[in-house]
Amino acid sequence: QEQLVESGGGLVQAGGSLRLSCAASGRTAVRYAMGWFRQAPGKAREFVGGINWSGGRTYYADSVKGRFTVSRDNAKNTFSVQLNSLKPEDTAVYYCAAHRDYSGMYDPPIKTFATDYDYWGQGTQVTVSS
């Protein structure tokens with residue numbers, strides 16, 4: 001069973017950058033697609049970005065496209081998201097999530113619903129001040 005541990009959250013001024021990392025343990029994470037979600041107080045959890053198991057495809061929510069970049073290092077079982085040009089509305093708890101890919105495809109599309117993901121990290125707070 002996969003366990004996910006996040007790190008890298010914190011407080012940053014608007015326009016600043018942060019890098020969040022997610023370390024996967026348990027069985028190899030190579031065949032797992034990864035997603036990043038966030039949840040602000042009083043709001044539903046929302047998809048931010050994701051990367052498929054091969055790393056050949058990424059997908060982002062419109063609100064973060066061009067500012068956030070998801071990546072993975074399968075050799076190290078780590079996944080990251082680089083957050084650039086941060087805005088106060090990016091303030092939220094950020095979660096990494098994983099699901100096993102059973103598609104048999106080398107380059108499957110990214111799933112964007114939280115219910116598609118089986119494993120979740122504990123969350124890390126990102127606060128952007130204006």
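The closest side-chain heavy-atom distance from R19 to S71 is below 4.5 Å. Side-chain contact between W36 and F68: absent, with no pair of heavy atoms (C-beta onward) separated by less than 4.5 Å. Between E6 and Y94, the closest side-chain pair of non-hydrogen atoms is not below 4.5 Å. Counting heavy atoms from C-beta outward, Y60 and T112 have side chains that stay 4.5 Å or more apart. Counting heavy atoms from C-beta on, the side chains of V81 and R38 never come closer than 4.5 Å. Taking 4.5 Å as the limit, some side-chain heavy atom of F37 sits within range of a side-chain heavy atom of F47. Two residues are said to be in side-chain contact when any heavy atoms from C-beta on lie closer than 4.5 Å; L83 and D90 fail this criterion.
Between the side chain of W53 and the main chain of M105, a donor-acceptor pair closer than 3.5 Å is present.
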Might you work through the salt bridge (charged side-chain N to carboxylate O under 4.0 Å, His left out) test for D62 and K65, ending with a clear yes or no? CA-CA 5 Å; D62 288 343; K65 199 172 295 183; 3.0 Å; yes

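Taking every heavy atom of both residues into account, Y95 and G121 meet most closely at CD2-O, 3.6 Å.
Atom CZ of R67 is separated from atom OG of S85 by 7.0 Å, given to the nearest 0.5 angstrom. With rounding to the nearest 0.5 Å, the separation of CE in M34 from CG in N74 is 10.0 Å. The OG atom of S63 lies 8.0 Å from the NZ atom of K87; values are rounded to the nearest 0.5 Å. In this structure, the separation between OG on S130 and CD on E89 is 10.0 Å, given to the nearest 0.5 Å. In this structure, CZ on F79 lies 7.5 Å from CG on L4, to the nearest 0.5 angstrom.
Surrounding CD of Q122 are more than 12 heavy atoms belonging to other residues, nucleotides or ligands, all under 6.0 Å away.
In this model, no donor atom of one side chain and acceptor atom of the other lie less than 3.5 Å apart for S80 and Q82.
Applying the side chain to side chain contact (heavy atoms under 4.5 Å, CB included) test between T91 and each of L11, V126, T127, V12 identifies T127 as the sole match. When each of T58, D101, D107 is tested with N52 by the rule side-chain hydrogen bond (donor to acceptor under 3.5 Å, both in side chains), just one qualifies, namely D107.
Y102 carries R100 over the face of its six-membered ring, with the cationic atom under 6.0 Å from the centre and within 45° of the normal.
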